[in-house]
Undergrad: 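Before I ask anything, let me first share the structure, which is written out below as structure tokens.
Counting starts at 1 for both ligands and their atoms, in listed order. In this chain, numbering begins with 1 at the start of the sequence shown.
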Amino acid sequence: MKCSRCHEEAVIYYPQSRQALCAEHLKEYIERKVKRAIERFKMLKRGEKVLVAVSGGKDSLMLWEILVDMGYDTEGLYIDLGLGEYSKSSEEYSRGFAEERDLTLRIVRVKEDHGIDIVAAAKRLRRPTCSVCGTVKRYIMNREAVEAGRVLATGHNMDDEASTLLGNLLTWNGEQLLRASPSLPSTHPKLARRIKPLIYVSERESATYCFSHGIKYIIPECPYSEGARLSVVKEALSKIEDRSPGSLLNFVDGFYRKSEGILCRRNGGIKEGVELKPCPLCGYLTSSSGPCAFCRLKSLFSSGE
Ligand code: Q46
Ligand code: ZN
Ligand code: ZN
């Protein structure tokens with residue numbers, strides 16, 4: 001099949017518009033979607049610097065390449081979570097990507113730099129590994145972005161966003177629905193702005209982009225991934241998308257543009273009445289009265305328990 005815009009071989013076909021795109025026109029199309037998300041949600045001003053959180057996966061690596069090509073000043077952040085072979089391999093892909101393009105990649109090692117063993121902490125606290133891992137990742141991403149004076153960009157794509165939103169709607173997780181936003185402002189010097197420039201880009205588009213532009217990325221999922229409920233939601237959404245192409249885009253875009261009035265989402269996603277205070281140990285913000293969740297995890301390993 002030929003590209004609908006030139007005579008090159010097509011790499012992707014869009015049934016809803018009956019259009020096929022070659023690798024270069026797919027890139028142009030994805031860049032337009034990223035630009036639209038950045039403008040619509042006021043994610044970045046010209047000249048603002050970005051820290052792209054990369055996991056070695058297709059979405060984050062593609063996002064990094066697109067932002068570089070769009071002219072943004074970027075650095076990458078890779079967090080070595082200490083999850084065995086999975087972490088080793090995802091680091092190799094992230095490093096390989098940065099080295100090939102001569103880009104700066106910051107690496108933070110959770111065990112070596114902060115003394116936290118995520119898997120051991122989860123066992124000790126009888127918490128799901130992903131919950132401890134999420135606390136650690138959020139803290140490190142924010143801290144690194146604040147220290148670097150950069151806006152934090154993550155590679156959440158449209159499918160991720162749609163399944164998280166629908167998952168939260170199915171369980172009426174009000175707090176998450178109120179906070180959900182592709183662009184969270186920095187409301188304090190210790191809180192970095194967080195943006196998701198890929199919310200209009202589908203998983204199929206990012207996989208095709210990486211494949212057709214020579215980006216090598218990690219395919220196996222994290223062994224601790226326990227998104228059973230979310231994968232059911234994702235599967236259901238993918239069936240809806242197959243039957244009615246464009247539904248996911250409508251859902252995600254509609255949620256962010258129309259739910260403001262319906263759900264009274266406001267205050268940049270920060271729940272009113274929750275007072276954030278500096279952690280007495282690290283100075284980063286926490287809603288708890290003592291040390292923040294990250295410092296409490298650290299103390300599990302420093303007290304010799
Ligand atoms: S890395 Fe960490 Fe994920 Fe692995 S342990 Fe869970 S949260 S699944 S995106
Ligand atoms: Zn073309
Ligand atoms: Zn702290």
Side-chain angles (χ1 to χ4, degrees), residues 1-14 19-32 53-60 78-91 93-94 108 110-111 114-123 125 127-143 146-147 154-157 159-161 163-164 190-191 208-209 212-213 218 220-231 234 276-300 302:
M1 193 185 298
K2 294 284 176 213
C3 172
S4 312
R5 306 207 184 145
C6 70
H7 296 294
E8 290 296 321
E9 201 55 38
V11 293
I12 194 164
Y13 177 68
Y14 294 90
Q19 282 218 40
L21 297 177
C22 67
E24 272 322 294
H25 280 112
L26 171 64
K27 180 181 170 73
E28 201 182 285
Y29 185 46
I30 292 179
E31 281 184 0
R32 273 216 308 276
V54 293
S55 63
K58 60 186 184 326
D59 304 298
S60 53
Y78 173 78
I79 305 175
D80 171 10
L81 300 164
L83 303 176
E85 279 310 307
Y86 171 75
S87 286
K88 276 190 199 136
S89 171
S90 53
E91 179 173 336
Y93 283 103
S94 306
V108 176
V110 175
K111 272 186 193 159
H114 294 287
I116 297 174
D117 181 328
I118 291 178
V119 178
K123 271 195 197 132
L125 299 169
R127 269 172 63 187
T129 311
C130 285
S131 144
V132 175
C133 182
T135 301
V136 168
K137 279 200 286 195
R138 278 192 299 277
Y139 179 90
I140 294 177
M141 286 193 292
N142 178 62
R143 186 172 170 151
V146 166
E147 283 175 8
T154 56
H156 294 93
N157 62 34
D159 304 55
D160 298 329
E161 209 54 13
S163 46
T164 305
K190 292 283 192 192
L191 203 57
T208 311
Y209 178 95
S212 57
H213 286 81
I218 185 164
E221 294 216 339
C222 168
Y224 297 95
S225 150
E226 47 180 54
R229 183 175 62 82
L230 267 192
S231 12
K234 230 176 185 179
L276 296 174
K277 297 174 284 291
C279 162
L281 300 178
C282 69
Y284 280 83
L285 298 183
T286 176
S287 55
S288 80
S289 48
C292 71
F294 185 82
C295 288
R296 290 201 303 272
L297 280 173
K298 262 179 115 161
S299 68
L300 273 185
S302 54

Undergrad: Give a yes/no answer: is there an N/O/S atom of Cys222 under 2.8 Å from atom 4 (Fe) of ligand 1?
TA: yes
Undergrad: Only one of Val108, Ile79, Val146 passes side-chain contact (heavy atoms from CB on, under 4.5 Å) with Met141; say which it is.
TA: Ile79
Undergrad: How about Glu221: does its CD atom have over 12 heavy atoms from other parts shown lying under 6.0 Å from it?
TA: no
Undergrad: Checking contacts here: is it the side chain or the backbone of Leu81 that comes within 4.0 Å of ligand 1, counting heavy atoms only? Could be both or neither.
TA: side chain
Undergrad: Within the stated cut-off of 2.8 Å, is an N/O/S atom of Cys3 closer than that to the Zn ion (ligand 2)?
TA: yes
Undergrad: Would you please indicate if the ring centroids of Tyr139 and Tyr284 are separated by under 6.0 Å?
TA: yes
Undergrad: Does Ser90 offer a backbone N or O that forms a donor-acceptor pair with the side chain of Ser94 under 3.5 Å?
TA: yes
Undergrad: Just give me the atom name: the N, O or S atom of His25 closest to the Zn ion (ligand 2).
TA: ND1
Undergrad: Answer side chain, backbone, both or neither: which part of Lys137 comes under 4.0 Å from ligand 1, heavy atoms only.
TA: side chain
Undergrad: As an exercise, identify every atom of ligand 1 less than 4.0 angstrom from a heavy atom of Ser225.
TA: 8 (S)
Undergrad: Quick one: which ligand 1 atoms are inside 4.0 Å of a heavy atom on Cys133?
TA: 1 (S), 2 (Fe), 5 (S), 7 (S)
Undergrad: Can you sort out which atoms of ligand 1 are near Tyr224, meaning under 4.0 Å from one of its heavy atoms?
TA: 5 (S)
Undergrad: Could you report the tightest heavy-atom contact between Thr129 and Ala122, atom names first, then the distance?
TA: CA-CB, 3.7 Å
Undergrad: Counting heavy atoms not belonging to Lys277, are there more than 12 under 6.0 Å from its NZ?
TA: yes
